[in-house]
Amino acid sequence: MEFDLQKYLYDSPDRNFFLLAGPCVIEGEEMALDIAAKVKAVTDRLGIPYVFKGSYRKANRSRLDSFTGIGDLEALAILKKVRDTVGVPVVTDIHTADEARLAAEFVDMLQIPAFLCRQTDLLVAAAKTGKMVNIKKGQFLSPAAMKYAVQKVRDAGNPNVAVTERGTTFGYQDLIVDYRGIPEMRQNGCPVILDVTHSLQQPNQTEGVTGGRPDMIETVARAGIAVGCDGIFIETHQNPAVAKSDGANMLRLDLLPSLLERLTTLRMAVNSFNADC
C-alpha cells in the first residue's frame with residue numbers, strides 16, 4: 001500500500017485538519033495496533049486524515065536508565081504492520097543519517113526531532129529518501145528561522161516537507177506556544193502542524209523525568225485550530241500512567257474521540273468564518 005501524503009493529508013472533503021497520533025514510543029505490537037485501530041475508527045467517522053505516530057527508538061532521554069525502545073528492527077516491523085493492517089500511513093522519528101535510510105523502508109513520513117532541526121546531514125539524508133519530512137521546530141528557534149530547515153530539504157530535491165510547532169523554551173522547566181508562529185511558518189508554503197502534547201511538557205525536572213500538563217491539551221489544541229494550523233499532533237496511550245515515555249503529557253486514549261469531535265466542530269466554524277471574510 002502506497003500513500004501520496006500530500007494528497008492524503010488534504011483529502012478531507014470538509015477541509016478538516018489532519019491528525020498525527022499514537023504512543024510516544026512503540027512498546028509492543030498489541031498496544032500499537034489497538035491504538036491505531038481505535039483512532040482510525042474515530043477519524044474515519046469525523047473525516048480526519050490520520051497518520052499513526054510512534055517512535056521506534058527514543059534517543060533524547062533525561063537519564064541513562066530511561067526506556068529507549070524494544071529494539072530497532074522489531075519496532076520498525078510493528079510500524080509496518082500497523083500500516084498494512086490498519087491501512088494508515090505511519091511516521092517515526094530519526095536521529096542520524098543512517099537511521100533515515102533504515103526507517104524509510106518501513107514508514108511513510110520521517111520526523112526530525114526539535115533538538116536536531118538544524119542538523120544539515122540529517123535533513124538532507126531524510127530528504128533523499130523521498131519520504132515526506134516533518135521537521136519539528138526547535139524550542140530555541142524563532143518561527144521565522146524554520147525557513148532555512150525547510151529550504152535544506154527542498155534543496156536536497158524533496159518538496160514534501162512539513163513543519164511542527166512544539167513550544168518554545170520559557171524559563172527552565174516550561175514551554176509556551178507563540179501562536180503567531182503558525183501563520184508565519186505557513187508562509188513557507190508547507191503544512192504546519194501543532195504538537196499539542198509536547199508543547200505541554202515540563203522538562204528538566206529535578207528527578208530526571210519530564211513532567212507535563214495534560215489538563216491543558218484541549219486549550220492548546222483549540223487555539224491551534226482557531227489560528228489555522230493544518231494538522232494536530234497528539235501522543236496518546238491506553239494508560240499514560242504506565243507509559244514507558246512521556247506519560248506525564250500524553251492524552252488517555254479514551255478521551256481522544258470527544259476531543260476530536262469538538263475540534264472538528266471548531267474547524268468547521270473556522271472554515272465558515274474564513275469563507276465569509
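Side chains included, hydrogens not; waters and symmetry mates left out as well; all remaining heavy atoms used. Numbers here simply count residues along the sequence, with the first being 1.
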Is the shortest side-chain heavy-atom distance between [X] and [Y] below 4.5 Å?
| X | Y | answer |
| --- | --- | --- |
| F18 | P191 | yes |
| D108 | L5 | yes |
| L9 | Y50 | no |
| N134 | L20 | yes |
| P240 | L251 | no |

Between [X] and [Y], what is the shortest heavy-atom contact and its length?
| X | Y | answer |
| --- | --- | --- |
| P143 | G181 | CG-CA, 3.5 Å |
| P113 | I94 | CD-O, 3.0 Å |
| F106 | V90 | O-CG2, 3.9 Å |
| P49 | Y8 | CB-O, 3.4 Å |
| V42 | P257 | CG2-CG, 3.7 Å |
| F52 | G22 | CE1-CA, 4.2 Å |

Can you give each donor-acceptor pair under 3.5 Å made by side-chain atoms of residues 155-162, sequence neighbours left out, with the distance rounded to 0.1 Å?
unit_1, atom_1, unit_2, atom_2, d
D155, OD1, Q151, NE2, 2.8
N158, OD1, N160, N, 2.8
N158, ND2, A127, O, 3.0
N158, ND2, K131, O, 2.8
N160, OD1, Q6, NE2, 3.2

Examine [X] and [Y] and state if one hydrophobic cluster contains both, with Ile, Leu, Val, Met, Phe, Trp and Tyr joined whenever side-chain heavy atoms are less than 4.5 Å apart.
| X | Y | value |
| --- | --- | --- |
| M132 | V124 | no |
| L200 | L175 | no |
| M185 | L141 | yes |
| L73 | L33 | yes |
| L260 | Y10 | yes |

Any sub-3.5 Å donor-acceptor pair from [X]'s side-chain atoms to [Y]'s backbone N or O?
| X | Y | answer |
| --- | --- | --- |
| S55 | C24 | yes |
| Q238 | M31 | yes |
| D93 | I112 | no |
| S272 | M268 | no |
| D14 | N16 | no |
| D178 | R180 | yes |
| E165 | I182 | no |
| D84 | K81 | no |
| S258 | L255 | yes |

Could you tell me whether [X] atom [atom1] has more than 12 heavy atoms of other residues or ligands within 6.0 Å of it?
| X | atom1 | value |
| --- | --- | --- |
| R154 | CZ | yes |
| F170 | CZ | no |
| D34 | CG | yes |

Salt bridge (Lys or Arg N to Asp or Glu O under 4.0 Å) pairs, two or more places apart, involving residues 223-232: R186-D230
Determine, step by step, whether L79 and I26 satisfy the side-chain contact (heavy atoms from CB on, under 4.5 Å) criterion, reporting the C-alpha distance in whole Å, the side-chain angles of both residues, the deciding distance to 0.1 Å, and the verdict. CA-CA 8 Å; L79 285 167; I26 298 298; 4.0 Å; yes
Donor + acceptor pair across side chains of [X], [Y] (<3.5 Å):
| X | Y | value |
| --- | --- | --- |
| H95 | Q119 | no |
| S142 | K137 | no |
| T164 | K136 | no |

Does E99 come within less than 4.0 Å of R57, counting only side-chain N to carboxylate O? yes
Rounded to the nearest 0.5 Å, how far apart are [atom1] of [X] and [atom2] of [Y]?
| X | Y | atom1 | atom2 | answer |
| --- | --- | --- | --- | --- |
| F17 | T43 | CZ | OG1 | 9.5 Å |
| T92 | M109 | OG1 | CE | 11.5 Å |
| L123 | C117 | CG | SG | 7.5 Å |
| R252 | I217 | CZ | CD1 | 11.0 Å |
| M216 | R222 | CE | CZ | 11.0 Å |
| L116 | I135 | CG | CD1 | 11.5 Å |

Under the criterion side-chain contact (heavy atoms from CB on, under 4.5 Å), I'd like the reasoning laid out for I232 against V196: C-alpha separation, chi angles, the key distance, then a yes or no. CA-CA 7 Å; I232 291 289; V196 177; 3.9 Å; yes
After noting the C-alpha distance and the side-chain angles of L194 and V177, does the key distance pass the side-chain contact (heavy atoms from CB on, under 4.5 Å) rule? CA-CA 9 Å; L194 175 60; V177 177; 4.2 Å; yes
Do the rings of F140 and F115 sit parallel, tilted or perpendicular, given the 30° and 60° boundaries? parallel
Which one of I35, L19, D195, V91 satisfies the side-chain contact (heavy atoms from CB on, under 4.5 Å) criterion with K53? V91
Given the rule in the side-chain contact (heavy atoms from CB on, under 4.5 Å) test, do I78 and I70 qualify, once you have shown the distances and angles that lead to the verdict? CA-CA 11 Å; I78 290 172; I70 60 175; 3.7 Å; yes
